[in-house]
Amino acid sequence: MEELRSEKNLLLTSLSYSEEDAADKFPKDIAAMEQSLKRLEEQEQKYSAELGAALTEYAGLREQAQGFDPVQLYEARQAIRPGKEQEAEHRAQQVYGEKYSPLLMFDSKKAVSRMLHEDMERQAMRRMMRQAQKEQQISNKGKSKNQGRDVR
């Protein structure tokens, strides 16, 4: 019995309760925590739905963008991105206040990048740019050879 009491007191102490307060405060704190958990779950569902909608919208916009020059579109997105990231970061700072974490924001940016497959896209754009440069060089060499022949 004594061992159980000792263990109970250790648990109450670790939870910052005295033995007298435990009977009153513990059920109230559990109810408050359950309410907070319920609220967090509702927010998670809401934000998951918003994320799903945003990803669907992104896919639709991406499909519409098929008619554009991919390199120009990529460069335009890269020009716009820093401002949009800064807006999102500012909004997160306002919402979270003192609980805002730059590390969590960094992780979030990485997660978004993974969801959008940006690493693969970046590599594809670099390949396309190199290929376009090679074609331009070949075209310029051909023109200069032809111009040299015309002069003679």
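Computation of the quantities below employed the complete heavy-atom set of this structure, encompassing side-chain atoms and omitting hydrogens, waters and symmetry-equivalent molecules. Along the sequence shown, residues carry numbers from 1.
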| remark: Distance col, row Leu61:CG vs Leu73:CG, nearest 0.5 angstrom, shows 10.0 Å
| field | Approximate separation, where rounding is to 0.5 Å, of Met129 CE and Arg126 CZ | value | 9.0 Å
| Under the side-chain hydrogen bond (donor to acceptor under 3.5 Å, both in side chains) test, which residues partner Ser108, sequence neighbours left out? | none
| Taking only residues two or more places apart in sequence, or in another chain, which ones meet Lys110 in a side-chain hydrogen bond (donor to acceptor under 3.5 Å, both in side chains)? | none
| Steps toward side-chain contact (heavy atoms from CB on, under 4.5 Å) verdict (Arg62, Glu121) | CA-CA 12 Å; Arg62 207 169 176 167; Glu121 182 183 32; 3.7 Å; yes
| query | What pairs of residues pass the side chain to side chain donor-acceptor pair (under 3.5 Å) test when at least one of them lies in residues 32-46, not counting sequence neighbours? | reply | none
Considering only heavy atoms from C-beta outward, does the side chain of [X] approach that of [Y] to under 4.5 Å?
X      : Y      : result
Arg130 : Glu135 : no
Tyr74  : Met128 : no
Glu75  : Val71  : yes
Arg77  : Gln72  : no

| Asp119-Gln123 side chain donor-acceptor pair, cut-off 3.5 Å | no
| query | Any sub-3.5 Å donor-acceptor pair from Glu118's side-chain atoms to Arg114's backbone N or O? | reply |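 Checked: no pair found.
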Show me, pair by pair, the donor-acceptor contacts under 3.5 angstrom made by side chains of residues 82-95, not counting sequence neighbours?
| unit_1 | atom_1 | unit_2 | atom_2 | d |
| --- | --- | --- | --- | --- |
| Glu85 | OE2 | Arg81 | NE | 2.7 |
| Glu85 | OE2 | Arg81 | NH2 | 3.4 |
| Glu89 | OE1 | Lys109 | NZ | 3.3 |
| Glu89 | OE2 | Tyr100 | OH | 3.2 |
| His90 | NE2 | Gln94 | NE2 | 3.2 |

| query | Got a sec, which hydrophobics cluster with Leu51, joining ILVMFWY side chains under 4.5 Å apart, including via others? | reply | Leu55, Tyr58, Val112, Met115, Leu116
| said: Taking CD in Glu7 as the centre, count heavy atoms belonging to other residues, nucleotides or ligands within less than 6.0 Å. Is the count above 12? | reply: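 Count not over threshold, so no.
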| said: Asp107: which residues meet the side chain to side chain contact (heavy atoms under 4.5 Å, CB included) condition with it, sequence neighbours left out? | reply: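 Residues passing side chain to side chain contact (heavy atoms under 4.5 Å, CB included) with Asp107: Leu103.
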